[in-house]
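Remember, predicted model here, so these are calculated numbers, not experimental data. Letters go in sequence order (proteins before strands), and every chain restarts at 1.
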2 protein chains.
Amino acid sequence: MRAAYDQQIPPHVTVVSEGAPADFLHVVVEGMVELFASTQGREATMAVVRPVSTFILAACVRDAPYLMSARTLQRSRLLLVPSENVRAAVATDSRFALNAMQDLAGCYRGLVRHTKNLKLRNTRERIAAYLLRQSRLIGDAPGFTLPVEKRLIASYMGMTPENLSRAFKSLAADGCKIDGQRVIITDRVRLEALAGLSLLLDGPDPDASAAGVSLPLPEAS
Amino acid sequence: MRAAYDQQIPPHVTVVSEGAPADFLHVVVEGMVELFASTQGREATMAVVRPVSTFILAACVRDAPYLMSARTLQRSRLLLVPSENVRAAVATDSRFALNAMQDLAGCYRGLVRHTKNLKLRNTRERIAAYLLRQSRLIGDAPGFTLPVEKRLIASYMGMTPENLSRAFKSLAADGCKIDGQRVIITDRVRLEALAGLSLLLDGPDPDASAAGVSLPLPEAS
DNA sequence: CAAATGGCTTGATTCAGATCAAGTCTCTCG
DNA sequence: CGAGAGACTTGATCTGAATCAAGCCATTTG
């Protein structure tokens, strides 16, 4: 920690570029950071990190290049811990290692869920599942506010903003009303049926999503 | 290890079902194991594990339910280590913990790559990238043999066998000839261009794929 | 050895989702 | 306050990939 840098970063600043060597472990202390990947024009949101969580721990541990880029979505406070110090801590402090491992395992499981989602469900089902999960994470409240921009949700879910918009509208017929940022689940049973039940796929343990990776929690309302 | 079970398993046997509690860490000593996920009829291959590698380490570490199922593709020899022993070893043996962490980080990075692939490339590009990566993993040999059934490759890559077949055929025009199990890269430059350059996306470190997760290595020929 | 099974290919057709093209609304900023 | 920018929506159209339907081939099995 003594070697770490504490930084205030304005919104919309890219703080990590994929391909670069993993010099620092990043910790989001305040604000919100998007992890994304891009190739020749195309771009995909991989996760959104909220306080207090780390990102690119895996690259640090392996001393390998970053696989994702990161940019701030809001003004954010980041703690940058030099990778060598992280690796030293992992090697000498077994409690640190244990916690790092839990974090890593959580990230992995979060990504497994995300990938299953992409491969096994179509757009409407993915959205239904997402909304249900959001609702569950705040205690099964039927109403809540979307925590990030829709275009970001669309990218994370592997679809275009246009299709997200259409899907949102069409969900009215399946138990969920979306108006602007406001979401109201009107018929949970119906929505769950659409999502392809199997909340096994999304639950019961929140894993990484509780830790702040994947997409942020909504606010109940 | 003293508490572990050493088992010979016939082909096509499901040894792990998603949703079940993670009672054992599995180690593939011989053979080949497919990790897959399914919901209501649909099914997706998530990875193929080859010796010597572990699977479902993350579930063990977190003491959480399995997120994937596992079945043998061939007659296989598996070592089942009770999860509690794994967690005990992690807690007491810092070298063990360190290695487990490396493994976990490798799996995570492998999955990040896979997900980027799914989100950023279309079917032909994914296949081109896959073939190039296979070639690279055996030392840039232009010719090799596909290591698993095509239907499995198709599922792993998130497409139907029909489309994989068509894509393979169409790649003849882009620098790669596939005949049965045999692959010959005739024009690497062209194929790389199609794959969307960015071998950043797939390299340079092999991470998990070297460790035996993702899809198996091909055989040079 | 004939039948069956399962993987693979091929063609025809369909459809989910992408793309293209406006247009609206909100928020910011000069 | 008016202009501009960016997010979002909506409709029309296009297209990549899925689905459906045979047929082929190799391997297994009775």
Side-chain angles (χ1 to χ4, degrees), chain A residues 10-12 32 34 39-45 48 71 73-75 117-128 130 145-174 176-183 194 196, chain B residues 10-12 32 34 39-45 48 71 73-75 117-128 130 145-174 176-183 194 196:
Chain A
H12 311 300
M32 194 145 83
E34 176 191 6
T39 339
Q40 38 184 47
R42 305 169 219 177
E43 200 176 281
T45 300
V48 173
R71 68 165 82 97
L73 291 174
Q74 311 169 343
R75 180 157 208 276
N117 232 338
L118 287 175
K119 282 188 167 184
L120 294 171
R121 298 210 257 232
N122 64 25
T123 45
R124 296 188 79 221
E125 291 166 347
R126 285 206 291 282
I127 293 169
Y130 169 71
T145 305
L146 293 175
V148 290
E149 289 178 338
K150 290 182 183 175
R151 44 174 286 281
L152 221 148
I153 296 176
S155 176
Y156 180 67
M157 309 267 277
M159 65 189 74
T160 59
E162 290 96 322
N163 269 336
L164 178 67
S165 184
R166 277 186 267 268
F168 270 158
K169 196 162 65 162
S170 81
L171 282 187
D174 286 283
C176 190
K177 191 82 197 56
I178 290 99
D179 180 36
Q181 301 269 95
R182 304 269 316 113
V183 179
L194 172 64
Chain B
H12 311 300
M32 193 144 84
E34 176 192 5
T39 338
Q40 38 183 47
R42 304 170 220 175
E43 201 176 281
T45 300
V48 173
R71 66 165 83 98
L73 290 174
Q74 311 169 342
R75 181 160 207 273
N117 232 338
L118 286 175
K119 283 188 166 184
L120 294 171
R121 299 210 255 232
N122 64 25
T123 45
R124 295 188 79 222
E125 292 165 348
R126 285 206 291 282
I127 294 169
Y130 168 71
T145 305
L146 293 175
V148 290
E149 290 178 338
K150 290 183 182 175
R151 44 175 286 282
L152 220 148
I153 296 177
S155 175
Y156 180 67
M157 309 266 278
M159 64 189 73
T160 59
E162 290 97 322
N163 269 335
L164 179 67
S165 183
R166 277 186 266 268
F168 270 157
K169 195 162 67 162
S170 80
L171 283 186
D174 285 283
C176 190
K177 191 84 196 53
I178 291 99
D179 180 36
Q181 301 268 95
R182 302 267 318 112
V183 179
L194 171 65

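A:Thr160 comes within 4.0 angstrom of a nucleotide base, judged by non-hydrogen atoms across all strands.
For B:Arg151, taking side-chain heavy atoms from C-beta onward, the closest of the listed nucleotides C:dG11, D:dA18, C:dG7 is C:dG7. Side chain of B:Asn163, nearest nucleotide from D:dA18, D:dC8, C:dG7: D:dA18. Closest contact between the side chain of B:Met159 and the listed nucleotides C:dT10, D:dA18, C:dC8 involves D:dA18. Counting only heavy atoms from C-beta on, A:Asn122 has its side chain closest to C:dG17 among C:dG17, D:dA7, C:dT10.
Checking the phosphate oxygens (OP1, OP2) of D:dT10, a side-chain nitrogen or oxygen of A:Lys169 falls inside 4.0 Å. For A:Ser165, no side-chain nitrogen or oxygen approaches OP1 or OP2 of D:dC8 to under 4.0 Å.
Rounded to whole Å, the distance from CG on B:Leu73 to C1' on C:dG7 is 14 Å. Between the C1' atom of D:dA17 and the CZ atom of B:Arg121 lies a distance of 18 Å, rounded to the nearest Å. One atom, CG of A:Leu146, and another, P of D:dC8, lie 9 Å apart when rounded to the nearest Å. A:Glu149 places its CD atom 15 Å from the C1' atom of D:dT9, with the value rounded to the nearest Å. As a whole-Å value, the separation of B:Leu164 CG from D:dT19 P is 15 Å. Per the geometry, CZ belonging to A:Phe168 stands 16 Å off P belonging to D:dA7, to the nearest Å. Atom CG of A:Asp179 is separated from atom C1' of D:dT9 by 12 Å (rounded to the nearest Å). If you take CZ of B:Arg126 and P of D:dA17, they are 7 Å apart, rounded to a whole angstrom.
Looking at A:Arg166, its side chain comes within 3.5 Å of the base of C:dT19 through a donor and an acceptor atom. One donor-acceptor pair, N or O on each side, does fall under 3.5 Å between the base of C:dC20 and the side chain of A:Glu162. The base of D:dT15 has none of its N or O atoms less than 3.5 Å from a complementary donor or acceptor on the side chain of B:Arg124.
Atom CZ in B:Arg124 sits 10.5 Å away from atom SG in B:Cys176 (nearest 0.5 Å). In this structure, CG in A:Asn163 is found 6.0 Å from OG1 in A:Thr123, a value given to the nearest 0.5 Å. Distance check: B:Glu125 CD to B:Asn117 CG gives 9.5 Å after rounding to the nearest 0.5 Å. Distance CG/A:Leu120 to OG1/B:Thr39: 4.0 Å, rounded to 0.5 Å.
By the 4.5 Å heavy-atom criterion applied to side chains, A:Ile153 and A:Ile127 are not counted as neighbours.
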